[in-house]
Student: 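Next up is a structure, given as structure tokens.
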Amino acid sequence: QVQLVESGGGLVQAGGSLRLSCTASARVFNNLAVAWFRQASGKEREFVAIISGSGGGTSSADEGRFTISRDRAKNLVYLQLNNLKPEDTAIYYCAAGAAMSREPSSFNSWGQGTQVTVSS
């Protein structure tokens, strides 16, 4: 397992943007697929975006608003959230694993989460 740390959450008005970051100290981090999930209060954890270890493959649940990228030199994966809506309010988690998967069960390394709150 790899210890992951998220940052960048906060309170933003509808229509605003945030950039979340996920980092790990382990060198293996750069070889792993990294995904973002979110969990709103009372709801199940859902897929947001994923990027491959090489950075060449990405997938997003909302290609028009959510963009994932990685800086291999800095051991960072970013999630850019644009045009945020109140329904995007949730705790956002990053996860790392070997597979490009949209299923939370495919990942055994998770961060503690960062809260994103979007006001109307």
Student: Heavy atoms only: give me the nearest G9-V116 pair and the separation to one decimal.
Tutor: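 In terms of heavy atoms, the two residues are closest at CA-CG2, 4.2 Å.
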
Student: Do V34 and R70 come within less than 4.5 Å of each other through their side chains, counting heavy atoms only?
Tutor: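 Yes, at least one pair of side-chain atoms sits under 4.5 Å.
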
Student: With a sphere of 6.0 Å drawn around CD of E44, does it hold more than 12 non-hydrogen atoms of other residues, nucleotides or ligands?
Tutor: no

Student: So if you build clusters from Ile, Leu, Val, Met, Phe, Trp, Tyr with side-chain heavy-atom gaps below 4.5 Å, do F47 and F107 land together?
Tutor: yes

Student: Mind checking whether I68 and Y78 have side chains closer than 4.5 Å, heavy atoms only?
Tutor: no

Student: L32 and A98: which non-hydrogen atoms are nearest, and at how many Å?
Tutor: CD2-N, 4.4 Å

Student: Measure the CD-OG distance between Q3 and S109 for me, rounded to the nearest 0.5 Å.
Tutor: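 Rounded to the nearest 0.5 Å, the CD-OG separation comes to 9.0 Å.
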
Student: To the nearest 0.5 Å, what is the distance between OG on S54 and CG on N31?
Tutor: 10.0 Å

Student: If you measure from the Lys or Arg side-chain nitrogens to the Asp or Glu carboxylate oxygens, is any gap between D88 and K85 under 4.0 Å?
Tutor: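 No salt bridge links D88 with K85.
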
Student: Same hydrophobic cluster for V77 and W110, using side-chain heavy-atom links shorter than 4.5 Å among ILVMFWY?
Tutor: no

Student: Do you know which two heavy atoms are closest between S106 and S101, and how far apart they sit?
Tutor: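 Distance-wise, the nearest heavy atoms are OG-OG, 2.8 Å.
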
Student: Under a single-linkage definition using a 4.5 Å side-chain heavy-atom cutoff for Ile, Leu, Val, Met, Phe, Trp and Tyr, are L79 and V12 assigned to the same hydrophobic cluster?
Tutor: yes

Student: Kindly check if the number of other-residue, nucleotide or ligand heavy atoms within 6.0 Å of CD (E87) is above 12?
Tutor: yes

Student: Any side-chain heavy-atom pair from V28 and V2 closer than 4.5 angstrom?
Tutor: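 The answer is yes, as the side chains (C-beta and beyond) meet within the 4.5 Å cut-off.
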
Student: Within a strict 4.5 Å, meaning less than it, do heavy atoms of the Q80 and S17 side chains meet?
Tutor: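 Result yes, sub-4.5 Å side-chain heavy-atom pair found.
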
Student: Does the side chain of E46 come within less than 4.5 Å of Q39's, by heavy atoms?
Tutor: no

Student: So do I91 and T114 actually touch side chain to side chain, heavy atoms under 4.5 Å?
Tutor: no

Student: Spell out, as yes or no, whether a donor-acceptor pair under 3.5 Å connects the side chain of S52 to the backbone of G57.
Tutor: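 Yes: the side chain of S52 pairs with the backbone of G57.
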
Student: What is the minimum heavy-atom distance between L18 and L84, and which atoms define it?
Tutor: N-CD1, 4.0 Å

Student: Kindly say whether R72 contributes a backbone atom to a donor-acceptor pair with the side chain of N30 at under 3.5 angstrom?
Tutor: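 Judged by distance alone, yes, a pair lies under 3.5 Å.
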
Student: Does R102 count as lying over the ring of F37, i.e. NZ or CZ under 6.0 Å from the six-ring centre, within 45 degrees of the axis?
Tutor: no

Student: Considering all heavy atoms of both residues, which atom of P104 and which atom of R45 are nearest to each other, and what is their separation?
Tutor: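 Here P104 and R45 meet closest at CG-O, 4.3 Å.
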
Student: Mind checking whether L4 and I50 sit in one hydrophobic cluster, side chains of I, L, V, M, F, W, Y counted as touching below 4.5 Å?
Tutor: no

Student: Decide yes or no for E6 and T23: does some side-chain heavy atom of the first lie under 4.5 Å from some side-chain heavy atom of the second?
Tutor: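 No. Closest side-chain heavy atoms not under 4.5 Å.
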
Student: Check the surroundings of atom CD in Q115: do more than 12 heavy atoms from other residues, nucleotides or ligands lie under 6.0 Å from it?
Tutor: yes

Student: If you take all heavy atoms of N75 and F29, which pair is closest and at what distance?
Tutor: O-CE2, 3.4 Å

Student: Identify, with sequence neighbours excluded, every residue that meets ring pair (Phe, Tyr, Trp, His ring centres under 6.0 Å) alongside Y93.
Tutor: none

